[in-house]
Trainee: 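Have a look at this one before I ask anything.
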Amino acid sequence: MRISKLFGKTQREIPAEAETISHQLMLRTGMIYQVAAGIYSYLPLALRALKKIENIIREEMDAAGGQELMMPVLQPLELWQETGRDRAFGKGLFTLHDRKERNLCLGPTHEELITKLVSYYVHSYRDLPQLLYQIQTKFRDEPRPRGGLLRVREFTMKDLYSFDADEEGLNQNYHRIQQAYQNIYTRCGLPILIVEADSGAIGGKDSDEFMAITEAGDDEIIYCSHCQYAANAEKAQSLKTKLDSEEPLPLEEVKTPNAATIEEVSRFLKVPSHHTLKAVFYIADGEFVFVVIRGDIEVNEIKLKNVLKCSELHLANEAEVTQSHIIAGAASPVDISNIKIVADSSVTPGVNFVAGANKPATHLKNVNYPRDFQADITADIAKAHAGEACPRCGNQLRVTHGIEVGHIFKLGTFLSEKLGTFFIDANGVSHPIIMGCYGIGIGRLLAAVIEQNHDAQGIIWPMAIAPYQIYLCPLYMDDPDIAAAAEKLYKELIAQGFEVLFDDREESPGVKFNDADLLGIPIRVTISPRTLKINSAEIKRRSEKEFQLVPLEELTTRLKELVSSG
RNA sequence: CGGGGUGUGGCGCAGUUGGCUAGCGCGCAGCGUUUGGGACGCUGAGGUCGGAGGUUCAAAUCCUCUCACCCCGACCA
């Protein structure tokens, strides 16, 4: 490709809109163009890289036994209502209707469709297992698109779905795809960390995320400094401060003027915050919920949402709290009736807590569970923090940020049961098919690669997904000898099968070198009167400072080595 | 949804106590001189100042409404 003809120009200045590096670089190199918040056009350079990523994914999915197919973006809303996931996605689902007023949605993912499809063709254990995948545009109306391609509303995703007759089959496929994913990220030049994850709106049991570790990421990861434990903060567990064992004492009411927050109460009564109980109020699908948790621990709303099995959850506002006759600042689970109480598992083993008394400026000492109050639900709804102890080995937990570039789920049977996707086993007994699903966001993967492969000058493409392999950079193109030599070399390299970006512009050396660095093509080949005089060309890798002079007759051999070594 | 910010040629910005024909840099077009890390000179094209309404002799500038985009938070009573 000749740069003079390439659609899309490089930009010297950083667009004001862009904050993250990958976003800035993709705009400056002319890879993407923003159409609306979280919606982009992909220009030729970006598309070439995206296609390379897609092909790597295809190769690995096929090698793992996957079969590619294609399903529509436009889907009947009814199908989503059947599984109830229209509510799970909530406002994230783009909905529309056709001329006959039939309700449709733009698919945020394709489990419903594939499950229906499989139920049409698969009826016997002999038809299982199946690994089906698609690379498709998906739509999610994200509350806040951000960071260029990091979080968008319209995106290309590879999604593979596994269908098995038993748990063992699911586990095998899960591991097989997990390995294939490792291969994909390695080939794309992207180091990743696998973390335990919450399955969110997709649903299901186990799930693991593939994280590219970078501060630009919008996911928080809790990991152990010692063992292999790593989890998304949405799901992470930790061991909290242990309480001393003591005998339960009788309830005692104390006046606590001007002490409403945990910090104030704790200071006023001279008890550590982990010896207090905090009351937090939520509205879960319209129902008021009283959450009790130890004073030093925060509520993890994702966990709470899962425990409550609700689709919409928010903190109760002042009016909602008052309406439920709760005394803010002195609320207590003791003697509360007709309100659902959820207790964190930190609460039940504790002894002699300080809690509110449901009277203004009054607290209770020596509150004990279950003597003084009971909970409708007791579960782990606690947030894990860096500095706390690892749930596996007890060593210190740390925190970092990452970009979720892949997510795999053991779905189980909830979709197949709802959509009637059953098979007959060898004994003639009917069972729901056991499912798994495995997604990779292609554009986000591309952005993550740039986040991790750049310097102050620009992108440093890994060879496998670079839009071009070689940047042919002749200096002084207004010199007819140079122009002729460059044209000849360009044709030769093309004939040899190289992917060449030919900087055929009559620009100054500075401009050309800077654009070469910005665009980040892995190998730069420079010719000039200086090199031609000694019948040579200069080869420089984008990732290295040094260049080397190579005689023209050895050039293609040398380039082949470099291209194949990555 | 809440909070903060920004909208002025393709990009980055200035101009906003109302006042002449709305500027600057980059980029773009033409000519010339240059040329191993973003050269220089001259000439030129390109803007209903996000949109609507209002105030005024006069609005990029003041008022009202609205739209878009970016950032932060989606949180402890």
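This structure is a prediction, so every number in the text was calculated from the model and none was measured. Throughout, protein chains are lettered first and strands after them, A, B, ... in sequence-line order, and every chain is numbered starting at 1.
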Trainee: For a quick check, tell me whether the side chain of A/Gln11 and the base of B/rG27 share a donor-acceptor pair closer than 3.5 Å.
Mentor: no
Trainee: Quick one: on RNA chain B, does A/Glu142 or A/Phe513 contact a more 5' nucleotide (nearest heavy atom)?
Mentor: A/Phe513
Trainee: With a non-hydrogen cut-off below 4.0 angstrom, is A/Lys383 in contact with a base, only sugar-phosphate, or nothing?
Mentor: base
Trainee: Check every strand shown and say whether A/Arg28 touches a base, only sugar-phosphate, or nothing at a heavy-atom separation below 4.0 Å.
Mentor: base
Trainee: Tell me which nucleotide among B/rG27, B/rU34, B/rG12 gets nearest to the side chain of A/Asp478.
Mentor: B/rU34
Trainee: Counting only Watson-Crick or G-U wobble pairs whose two distances fall under 3.5 Å, which nucleotide matches B/rC69?
Mentor: B/rG5
Trainee: I need the CZ-P distance between A/Phe547 and B/rG37, as an integer number of Å.
Mentor: 11 Å
Trainee: Searching all strands shown, indicate the nucleotide that pairs with B/rA52 (Watson-Crick or G-U wobble; both distances under 3.5 Å).
Mentor: B/rU64
Trainee: Can you measure A/Glu220 atom CD to B/rC72 atom P for me and round it to whole angstrom units?
Mentor: 14 Å
Trainee: Measure the distance from CD on A/Glu17 to P on B/rC70 and round it to the nearest whole Å.
Mentor: 6 Å
Trainee: Considering only atom P, compute the distance from B/rU35 to B/rC40 and round it to an integer number of Å.
Mentor: 14 Å
Trainee: Taking 4.0 Å as the cut-off, does a side-chain nitrogen or oxygen of A/Gln34 come that near to OP1 or OP2 on B/rC70?
Mentor: yes
Trainee: Should the pair A/Phe288 and A/Phe281 be assigned to parallel (<30°), tilted (30 to 60°) or perpendicular (>60°) ring geometry?
Mentor: parallel
Trainee: Need the pair for B/rC75. Rule: Watson-Crick or G-U wobble, both distances under 3.5 Å, any strand; none if unpaired.
Mentor: none
Trainee: Roughly how far, to the nearest 0.5 Å, is the CG atom of A/Leu397 from the NE2 atom of A/His385?
Mentor: 11.0 Å
Trainee: For the pair A/His407 and A/Phe409, name the ring-plane relationship: parallel under 30°, tilted 30 to 60°, perpendicular over 60°.
Mentor: parallel
Trainee: Before accepting this row, confirm whether a basic side-chain N of the pair A/Lys235/A/Asp380 lies closer than 4.0 Å to the acidic partner's carboxylate O.
Mentor: no
Trainee: Mind checking who B/rC24 pairs with, Watson-Crick or G-U wobble, both distances under 3.5 Å?
Mentor: B/rG12
Trainee: Looking for any heavy atom pair under 4.0 Å, which part of the strands does A/Glu301 touch: base, sugar-phosphate only, or nothing?
Mentor: base
Trainee: With rounding to the closest Å, how many angstrom separate the C1' atoms on B/rU8 and B/rG51?
Mentor: 14 Å
Trainee: Is there a Watson-Crick or G-U wobble partner for B/rU17 with both distances under 3.5 Å, and if so, which one is it?
Mentor: none
Trainee: For A/Ile14, report the nucleic acid contact type (base, sugar-phosphate, nothing); a contact means any heavy atom under 4.0 Å.
Mentor: sugar-phosphate
Trainee: If you round to the nearest 0.5 Å, how far is CZ of A/Arg294 from OG1 of A/Thr348?
Mentor: 11.0 Å
Trainee: Taking CG from A/Asn514 and P from B/rC26, how many angstroms apart are they, rounded to a whole number?
Mentor: 16 Å
Trainee: Does A/Ala18 reach a base, just sugar-phosphate, or nothing at all? Heavy atoms under 4.0 Å.
Mentor: nothing
Trainee: Quote, to the nearest angstrom, the P distance that separates B/rC57 from B/rA68.
Mentor: 35 Å
Trainee: Please classify the nucleic acid contact of A/Gly147 as base, sugar-phosphate, or nothing, using heavy-atom distances under 4.0 Å.
Mentor: sugar-phosphate
Trainee: Grab the CD-P distance between A/Glu234 and B/rC75 for me, whole Å please.
Mentor: 14 Å
Trainee: Between A/Glu451 and A/Arg444 (salt bridge meaning N to carboxylate O under 4.0 Å), is one present in this structure?
Mentor: no
Trainee: Report yes if a side-chain nitrogen or oxygen of A/Ser508 is closer than 4.0 Å to either non-bridging phosphate oxygen (OP1 or OP2) of B/rA39; otherwise report no.
Mentor: yes
Trainee: Could you state the interatomic distance from OG1 (A/Thr276) to CG (A/Asp296), rounded to the nearest 0.5 Å?
Mentor: 7.0 Å
Trainee: Please determine if a side-chain N or O atom of A/Arg144 lies less than 4.0 Å away from the OP1 or OP2 oxygen of B/rC72.
Mentor: yes
Trainee: Taking atom P in both B/rU16 and B/rG3, what distance in whole Å separates the two?
Mentor: 29 Å
Trainee: Please work out if A/Ala331 contacts a base, only the sugar-phosphate, or nothing of the nucleic acid, heavy-atom cut-off 4.0 Å.
Mentor: nothing
Trainee: Among B/rC13, B/rG38, B/rC76, which is the nearest nucleotide to the side chain of A/Glu298?
Mentor: B/rC76
Trainee: Taking the nucleotide of RNA chain B with the nearest heavy atom to each, does A/Val299 or A/Leu518 sit closer to the 5' end?
Mentor: A/Leu518
Trainee: Can you say whether a donor on the side chain of A/Glu13 sits under 3.5 Å from an acceptor on the base of B/rG25, or the other way round?
Mentor: yes
Trainee: Rounding to an integer number of angstrom, what distance separates B/rC28 and B/rG46 when you compare their C1' atoms?
Mentor: 9 Å
Trainee: Does any nucleotide pair with B/rG36 by Watson-Crick or G-U wobble geometry, both distances under 3.5 Å, and what is it?
Mentor: none
Trainee: So what does A/Thr531 hit on the nucleic acid, given a heavy-atom distance under 4.0 Å: a base, only sugar-phosphate, or nothing?
Mentor: base
Trainee: Looking at A/Lys491 and A/Glu487, is any side-chain nitrogen of the basic one under 4.0 Å from a carboxylate oxygen of the acidic one?
Mentor: yes
Trainee: Quick check against the 3.5 Å criterion: does A/Arg28 have a side-chain atom that pairs as donor or acceptor with the backbone of A/Arg12?
Mentor: yes
Trainee: Given the P atoms of B/rC67 and B/rA59, what is the spacing between them in whole Å?
Mentor: 26 Å
Trainee: Between B/rC65 and B/rG73, how far apart are the P atoms? Round to whole Å, please.
Mentor: 29 Å
Trainee: On a whole-Å scale, what distance lies between the P atoms belonging to B/rA14 and B/rG54?
Mentor: 31 Å
Trainee: Rounded to the nearest angstrom, tell me the gap between atom OH in A/Tyr282 and atom P in B/rC1.
Mentor: 21 Å
Trainee: Quickly work out the A/Leu304 CG to B/rC76 P distance and round it to whole Å.
Mentor: 14 Å
Trainee: Take atom CD of A/Glu19 and atom C1' of B/rC69, then tell me their distance rounded to the nearest Å.
Mentor: 13 Å
Trainee: Taking only side-chain nitrogens and oxygens of A/Arg146, does any of them come within less than 4.0 Å of OP1 or OP2 of B/rC70?
Mentor: no
Trainee: Could you please name the partner base of B/rG41, counting Watson-Crick and G-U wobble pairs only when both distances are under 3.5 Å?
Mentor: B/rC31
